[in-house]
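In what follows, a single structure is set out as structure tokens and then discussed.
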Amino acid sequence: MGIIVQEQTGLFHLQSSEMSYLIQIVNGYPVHVYWGGRLKHRKSMSDLLIHCPEGAGLDRLPQEYPQYGSGDFRNPAYQAELVDGTRITELQYEGYRITKGKPPLTGLPAVYTEDESEADTLELELRDAYSGLKVVLLYTVFADRNVIVRSARLSNEGEQKLKLIRALSASVDFMGQGDLELTYLSGAWSREGNITRRALLQGETRIDSKRGMSSHQLNPFAALVTKETTEEHGEAFGFSLVYSGSFEAGAEVDAFGSTRFSIGLNSFDFVWLLNSGESFQTPEVVMVYSGHGLGGMSRTYHRLYRTRLCRGKYRDEERPILVNNWEATYFNFNADKLVAIAEEGAELGIELFVLDDGWFGKRDSDNSSLGDWYENREKLPGGLKEVAERINRLGLKFGLWFEPEMISPDSELYRKHPDWCLHVPGRRRSEARWQLVLDYTRKEVRDFIYDSLSAIFSTVPIAYVKWDMNRNLTEIGSAELPPERQAETAHRYVLGLYELLERITSDFPHILFESCSSGGGRFDPGMLYYMPQTWTSDNTDAVERLKIQYGTSLVYPVSTIGAHVSAVPNHQVGRITPLDFRGDVAMSGNFGYELDLTKFTDVEKETVKRQVQTYKQIRGLVQKGDLYRLKSPFEGNESAWMFISEDKAEALVYYFQVMAVPHPPRRTLRLSGLDPEIEYEVESGDHGEKSIMGGDRLMQLGLPLTLEQKDYESGWFRLKAINPQNA
Ligand code: DGJ
């Protein structure tokens, strides 16, 4: 395992426990040979070697970082413009370097190793002799994960300046693997995480974001799968970009049925000036191979992202059950109202109270005060500290909402610094939700936000922060950047954000940060590097959430998926669902409540108490177990999933039926991922009934379900392996 180099043939074999990735240098070009299930490394791998006669066209050569202009007419991975206006460069291999572990990427979020033995990194050095453009392709292979992490570093080692007009993170040519399909996450605000799958035909299928953020509409993720790939069977090749801004990903099928997949920063509206001596590091893409369907791919992402992307104190800690006042009060609250909700929360066993939007400046609606990060004394006469301490005395921790990247035109901050927002001189400043975006490319702006937030963090007992971001970027220009760097603004914005997040999260390591962007507008690996959980969607309806959470789990671990029980009729869709059903859906994520607890009846309070107690017992498994998706809400009336401990000794099954079915058939649910050799005690979470069943039986015949005849029916089961001797 690791990286095996065959110098004579120019072959590099990157090998993990179940996966191989092979690159060969052919006529000076790094050529893609293979990516898939593990190949034994043999002395002679000559049958695999790619031969390309000198002078043959590049159009049919599978490449690792293709160029444009010398005979390959497919999408290039990069393009640079020279001072003479020409845009032809030709990268030729110069050498390689192998290091233990994984180097960090300066200024960018990245997966990491805790011990050097976990991974090896290959750097391939390429150079365009004429311009002095040097490109280093970085590949990290993990020993025990089917993961390759790729990125590229482009440096100008020539005398003249260069302009990068395209700089993707990776490109992979799947040769002769016709009939591939592309699956990705599409959606909209309050409809995130739709699993979309389509066959690839000759031509290009492209997904992207031009919004300056990763977006609700298309997540920076896609997987190539075969026609036969299902949830638990067949091959899947996942690509997940560790980036929070505009991105592109595309699959291009050529005339010979080969598919080129490439992903990285969006080349649209991107130009990066590279002066002599300067370098540009692309974000990285995490590529996962699965021979066990989409489920296998997801589990690889989950384990990696939960333990080697997320960081900090809370990475491995069980997350607190919270109550958030947004849907309870919106902007209409005072200190006593907040404390009353927290009081009920304390009775019910809730651990954290989150004060959402509306506590600062003159913020009584969404049309003012962003940027004025000091408390509103009319609502909170004793200040934030007083209300936080009152809530702490009840036994709950205190959390606070911010939207630190924004500025309201109606704010003290805007009146003082009207040029601190992203804008283009002389042009309209497009408002969305009555707000503009702060220019995070500017250090003084970031410093101001750092100072405003840290003043509060240092004086108020804050245990949690919800970092919101509620609009896309428009008129993307910066008053500070020179004309030739204006097209760098969008990427510099994201780099500025990362710099600030690094500073804040490392200076206040005791705070649990949750990111949010009108729900899932920036649910991406870049944000997870700084904040280990995300508010998944503003849509809190339990039926809608089945799809949103199921879809989001294609890439993102359950520990990152914020899920709250809200009031009925639901505020987004008006649907009325039972409290049990809402609880079961939300308990399948990072659990909390988002409603006015004081309005519950005594019976409802008993239900909530039970839910809170249950979640405290199961959250270890929900947040850290392996997820097996059993029934897709995208395919019908039923949904089901389960969480299994690493040693397979414990599992938790959730089943949901949206609408009642008249005269229904006898129901069974086939489980997955259990140990077929052992027996499990199966306990119904709702009725407490227990029975003993073998893992093989549960997976082959299925778990019998007894359902009530009603809409919005759900059930859950706890499985515990019984002593194998008794099996
Ligand atoms: C959007 C978030 O997604 C909501 O949860 C809430 O925090 C509002 N913003 C507040 O303005």
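Whatever order the structure lists them in is the order used to number ligands and atoms, beginning at 1. In what follows, every heavy atom counts, from backbone to side chain, and hydrogens, waters and symmetry copies are set aside. Residues: numbered from 1 along the sequence shown.
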Which protein N or O atoms sit under 3.5 Å from any N or O of ligand 1? Give each pair with its distance.
unit_1, atom_1, unit_2, atom_2, d
ligand 1, 3 (O), G519, N, 3.1
ligand 1, 3 (O), D538, OD1, 2.3
ligand 1, 3 (O), D538, OD2, 3.2
ligand 1, 5 (O), K466, NZ, 2.7
ligand 1, 5 (O), W535, NE1, 3.4
ligand 1, 7 (O), D356, OD1, 2.6
ligand 1, 7 (O), D356, OD2, 3.2
ligand 1, 7 (O), W401, NE1, 3.0
ligand 1, 7 (O), K466, NZ, 3.0
ligand 1, 7 (O), D468, OD2, 3.3
ligand 1, 9 (N), D468, OD2, 2.7
ligand 1, 9 (N), N470, ND2, 3.4
ligand 1, 11 (O), D357, OD2, 2.6
ligand 1, 11 (O), R433, NH1, 2.9
ligand 1, 11 (O), R433, NH2, 2.9

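Within the structure, every pair that satisfies the salt bridge (Lys or Arg N to Asp or Glu O under 4.0 Å) test and touches residues 518-533, not counting sequence neighbours, is listed here: E405-R522.
The main-chain N or O of S566 is never found under 3.5 Å from a side-chain atom of E327 such that the two would form a donor-acceptor pair. Between the side chain of S411 and the backbone N or O of I407 there is no donor-acceptor pair closer than 3.5 Å.
Every residue two or more places apart in sequence or in another chain that forms a side chain to side chain donor-acceptor pair (under 3.5 Å) with Q617 is listed here: R718. For Y464, there are no ring-ring contact (aromatic ring centres under 6.0 Å, His included) partners two or more places apart in sequence or in a different chain.
Between H417 and W420, the ring planes are parallel. Angles under 30° get that label, and only those over 60° would be called perpendicular.
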